[in-house]
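Working notes, beginning with the structure itself.
Chain letters run A, B, ... following the sequence lines, proteins first and then strands; every chain starts at 1.
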Amino acid sequence: MKDLLQDLDKAFENRLRLGIMSALMVNDFLDFNSLKDLLGATDGNLATHLKMLEKEGYVRFQKEFVDRKPNTKYAATDAGKTAFVKHLNAIEKLLR
Amino acid sequence: MNKEKYLDDLKEIREIMDKSSRFISLSGMSGIVAGIIALVGAYIAYEYIYIDHAFYGYRMVVLTPQTISQLLILATVILVLALGAGVFFTKRKAEKTKQKLWDLQTKRLISNLMIPLAAGGILCLIFLLRGYVGIVAPLTLVFYGLALVNASKYTLSEVRALGLMQVALGLLAAYFVGYGLLFWALGFGVLHIIYGVRMHLKYGS
């Protein structure tokens with residue numbers, strides 16, 4: 001049982017972070033506003049959790065300008081994807 | 001150990017993955033209405049081009065430049081009506097499920113739908129101008145089917161099945177060239193209605 005718990009990733013314990021990763025798993029990239037709409041999060045909340053995932057090295061971002069407005073695109077890193085799959089497998093085993 | 005939390009987590013993950021990668025506001029009603037419009041259109045077209053020939057005892061297809069331009073106008077009207085119905089019912093469903101209608105998923109769906117559709121449409125126009133009228137009905141079915149298959153990656157999986165059936169029907173129509181209108185009514189009319197009813201029952205409208 002202990003081994004199983006070890007595989008669960010603390011980074012994905014939070015619902016919003018789990019949501020961010022789920023969305024980034026199936027999309028090459030998403031911008032801040034799309035994520036916000038999708039997850040129904042507030043600006044501050046979403047920014048905080050994105051930053052936490054960034055710090056873990058699970059999410060990377062890229063700033064660009066669309067019609068002179070700054071637009072930040074977020075994507076999952078390879079490490080993030082691997083970690084997420086590992087987390088899902090751990091949940092699956094746990095529920096068995 | 002609370003399994004409940006993880007079950008909820010999994011549900012949430014699936015929901016977000018679906019919502020963020022697929023356009024799921026497709027309404028069954030739009031399929032049904034588009035199908036009915038197509039059937040009515042096919043009937044009108046039938047009246048245009050099949051002239052009673054009492055002497056021979058069968059109906060004959062008469063295609064003059066005038067009937068062709070009439071058919072083109074009819075086709076355009078049907079297309080606009082069917083698209084309008086599609087947008088209307090889809091918008092209504094998106095409002096009900098609180099989804100945005102014009103978002104990344106919609107754009108992705110439409111651009112992938114339009115690539116085969118536009119290519120097919122232009123090809124059909126070229127054939128029509130060159131006088132190869134018989135091949136146009138099968139080609140519209142084939143290209144429409146291919147467009148659906150191409151776009152199905154970004155929406156509900158039933159669209160793929162609908163697309164494959166349209167392609168098969170189009171190929172059959174190409175073999176039986178004289179029955180173009182019949183196959184056309186089957187594909188755009190009957191198949192749309194069946195698909196619409198199925199979607200309506202499965203996902204609501």
Side-chain angles (χ1 to χ4, degrees), chain A residues 1-41 46 49-50 53 58-59 66 71-76 80-81 83-96, chain B residues 1-27 87 90-115 148-160 163 203-204:
Chain A
M1 211 49 179
K2 229 177 197 172
D3 287 350
L4 287 179
L5 285 176
Q6 262 172 7
D7 277 346
L8 284 171
D9 202 321
K10 277 276 190 304
F12 304 130
E13 285 293 290
N14 173 281
R15 253 308 146 73
L16 190 52
R17 290 200 294 272
L18 191 78
I20 295 170
M21 270 324 272
S22 308
L24 293 180
M25 286 296 280
V26 288
N27 287 280
D28 292 342
F29 58 82
L30 285 172
D31 62 22
F32 190 86
N33 285 332
S34 306
L35 275 173
K36 205 176 85 179
D37 288 341
L38 184 70
L39 303 166
L46 182 58
H49 288 294
L50 274 171
L53 286 170
Y58 290 170
V59 163
V66 178
N71 182 292
T72 317
K73 281 178 172 173
Y74 293 90
K81 286 181 181 172
F84 191 73
V85 171
K86 206 173 142 199
H87 183 72
L88 282 186
N89 287 338
I91 292 181
E92 199 180 310
K93 271 188 206 145
L94 209 89
L95 291 175
R96 216 173 263 167
Chain B
M1 221 49 271
N2 55 25
K3 290 190 170 189
E4 288 291 309
K5 180 194 178 297
Y6 290 110
L7 278 174
D8 277 355
D9 275 3
L10 285 183
K11 216 179 113 200
E12 170 104 353
I13 291 168
R14 168 163 301 157
E15 237 179 72
I16 288 173
M17 284 184 167
D18 267 356
K19 222 160 85 175
S20 68
S21 63
R22 287 163 184 276
F23 178 78
I24 53 175
S25 297
L26 272 188
S27 149
V87 171
T90 304
K91 194 167 168 235
R92 212 179 61 167
K93 181 157 185 210
E95 274 163 11
K96 248 187 223 168
T97 53
K98 299 205 173 69
Q99 291 245 316
K100 269 195 171 176
L101 189 60
W102 191 246
D103 56 8
L104 193 70
Q105 285 77 260
T106 320
K107 284 173 206 161
R108 212 159 35 183
L109 174 74
I110 296 201
S111 60
N112 280 285
L113 189 71
M114 281 320 286
I115 297 167
L148 287 181
V149 172
N150 197 40
S152 66
K153 281 168 278 189
Y154 306 101
T155 182
L156 303 168
S157 54
E158 281 80 0
V159 171
R160 187 184 168 83
Y203 302 103

**Asked** So what's closer than 4.5 Å to chain B heavy atoms on A/L30: side chain, backbone, both or neither?
**Response** side chain

**Request:** Would you give the length of the straight line joining atom CG of A/N27 to atom OG of B/S20, rounded to the nearest 0.5 angstrom?
**Result:** 4.5 Å

**Asked** chain A heavy atoms under 4.5 Å from B/R14: which part of the residue, side chain, backbone, both or neither?
**Response** neither

**Message:** Taking CZ in A/F32 as the centre, count heavy atoms belonging to other residues, nucleotides or ligands within less than 6.0 Å. Is the count above 12?
**Reply:** yes

**Item:** Which atoms of A/L39 approach chain B - backbone, side chain, both or neither, heavy atom under 4.5 Å
**Value:** side chain

**Message:** Looking at A/K86, I'd like to know if its NZ atom is crowded, meaning that more than 12 non-hydrogen atoms belonging to other residues, nucleotides or ligands lie closer than 6.0 Å.
**Reply:** no

**Request:** Return the option, out of A/M21, A/E13, A/M25, with the maximum number of heavy-atom pairs under 4.5 Å with chain B.
**Result:** A/E13

**Asked** Got more than 12 heavy atoms from elsewhere within 6.0 Å of CZ, A/R15?
**Response** yes

**Message:** Could you go through B/D9 and A/F12, starting from their C-alpha distance and side-chain angles, then the distance that decides it, and tell me whether this counts as side chain to side chain contact (heavy atoms under 4.5 Å, CB included)?
**Reply:** CA-CA 10 Å; B/D9 275 3; A/F12 304 130; over 6 Å; no

**B/I13 vs A/H87 side-chain heavy atoms within contact, under 4.5 Å** = no

**Item:** Top contributor to chain B contacts, counting heavy-atom pairs under 4.5 Å, from A/S34, A/S22, A/A23
**Value:** A/S22

**Item:** Test side chain to side chain contact (heavy atoms under 4.5 Å, CB included) applied to B/R22 and A/V26, step by step
**Value:** CA-CA 10 Å; B/R22 287 163 184 276; A/V26 288; over 6 Å; no

**Asked** Checking B/D8 against chain A: side chain, backbone, both or neither under 4.5 Å from a heavy atom?
**Response** both

**Prompt:** Checking A/I91 against chain B: side chain, backbone, both or neither under 4.5 Å from a heavy atom?
**Reply:** side chain

**Audit row: A/I20, B/I16, side chain to side chain contact (heavy atoms under 4.5 Å, CB included) steps and yes/no** = CA-CA 9 Å; A/I20 295 170; B/I16 288 173; over 6 Å; no

**Request:** To the nearest 0.5 Å, tell me how far B/E12 CD sits from A/L16 CG.
**Result:** 9.0 Å

**Item:** Structural part of A/D37 lying under 4.5 Å from a heavy atom of chain B
**Value:** side chain

